[in-house]
Amino acid sequence: MKRVITYGTFDVLHYGHMNLLKRAKILGDYLIVGLSDDKFNAIKNKRSYYTYDQRKMMLEACRYVDLVIPENTWEQKIEDIQKYQADVFVMGNDWSGKFDYLKDYCEVIYLPRTPEVSSTKIKYYLSHIGDKYVQKVI
Ligand code: C2G
């Protein structure tokens with residue numbers, strides 16, 4: 001069984017996330033997602049709309065995801081790769097090069113990010129939807 005691992009916040013799930021998860025799953029047979037917990041989000045200067053438990057529940061409902069584990073630190077990836085016997089580490093290419101050190105432990109693949117969509121854009125659009133000048137920003 002080929003095991004794939006990826007990490008992220010996955011707040012306000014959208015088709016860019018699904019596109020990443022789908023392509024990551026296609027690279028193997030089993031997909032593990034390291035989901036940033038609320039404290040780690042603060043370290044990443046991110047504020048999720050949904051809590052960790054809510055984001056976890058939604059990822060576990062996704063057909064491409066086999067296991068969700070908490071992401072608490074930047075440093076846990078090597079230990080996770082060894083613990084979960086991951087063969088492939090996958091991230092969107094906005095992270096290109098940032099995790100090349102993991103090549104000593106598994107294959108590292110950066111997939112093209114889906115253009116035009118992000119949780120930030122969605123949250124901005126929804127919070128400004130009443131503004132008569134807001135353009136569809138997604
Ligand atoms: N992504 C994508 N296309 C988008 C938006 C996101 O391919 N339009 C990908 C990102 O590249 C990432 C994954 O979806 O691989 C999750 O994105 P985020 O939830 O924004 O995660 P991020 O904040 O990048 O956290 O240790 C790694 C970090 O936890 C990554």
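Source: prediction; values computed, not measured. Whatever order the structure lists ligands and atoms in, that order sets their numbers, starting from 1.
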Inter-residue atom distance Ser36.OG - Arg55.CZ, 0.5 Å rounding: 6.5 Å

Atom pair CG/CG of Asn72 and Asp38 - distance to nearest 0.5 Å: 11.0 Å

NZ/NE/NH1/NH2 to OD/OE distance under 4.0 Å, Asp66 and Lys25: yes

Distance, nearest 0.5 Å, that separates CG of Leu111 from CG of Leu27: 6.0 Å

Parallel, tilted or perpendicular: rings of Tyr101 and Phe99 (30°, 60°): tilted

May I have the N/O to N/O pairs between ligand 1 and the protein that fall below 3.5 Å, each with atom names and distance to one decimal?
from: ligand 1; atom 1: 3 (N); to: Thr114; atom 2: N; distance (Å): 3.2
from: ligand 1; atom 1: 8 (N); to: Thr114; atom 2: O; distance (Å): 2.8
from: ligand 1; atom 1: 8 (N); to: Val117; atom 2: O; distance (Å): 2.7
from: ligand 1; atom 1: 11 (O); to: Gly92; atom 2: N; distance (Å): 3.4
from: ligand 1; atom 1: 11 (O); to: Asp94; atom 2: OD1; distance (Å): 2.6
from: ligand 1; atom 1: 15 (O); to: Gly92; atom 2: N; distance (Å): 2.9
from: ligand 1; atom 1: 19 (O); to: Thr9; atom 2: N; distance (Å): 3.1
from: ligand 1; atom 1: 19 (O); to: Phe10; atom 2: N; distance (Å): 2.8
from: ligand 1; atom 1: 20 (O); to: Lys46; atom 2: NZ; distance (Å): 2.8
from: ligand 1; atom 1: 21 (O); to: Thr9; atom 2: N; distance (Å): 3.3
from: ligand 1; atom 1: 23 (O); to: Lys44; atom 2: NZ; distance (Å): 3.3
from: ligand 1; atom 1: 23 (O); to: Lys46; atom 2: NZ; distance (Å): 2.6
from: ligand 1; atom 1: 24 (O); to: Trp95; atom 2: NE1; distance (Å): 2.8
from: ligand 1; atom 1: 25 (O); to: Lys44; atom 2: NZ; distance (Å): 2.9
from: ligand 1; atom 1: 26 (O); to: Glu71; atom 2: OE2; distance (Å): 2.5
from: ligand 1; atom 1: 26 (O); to: Lys77; atom 2: NZ; distance (Å): 2.8
from: ligand 1; atom 1: 29 (O); to: Ser36; atom 2: OG; distance (Å): 3.3
from: ligand 1; atom 1: 29 (O); to: Lys44; atom 2: NZ; distance (Å): 2.9
from: ligand 1; atom 1: 29 (O); to: Glu71; atom 2: OE1; distance (Å): 2.7
from: ligand 1; atom 1: 29 (O); to: Glu71; atom 2: OE2; distance (Å): 3.4

Geometric class of the Trp74/Trp95 ring pair [parallel <30°, tilted 30-60°, perpendicular >60°]: tilted

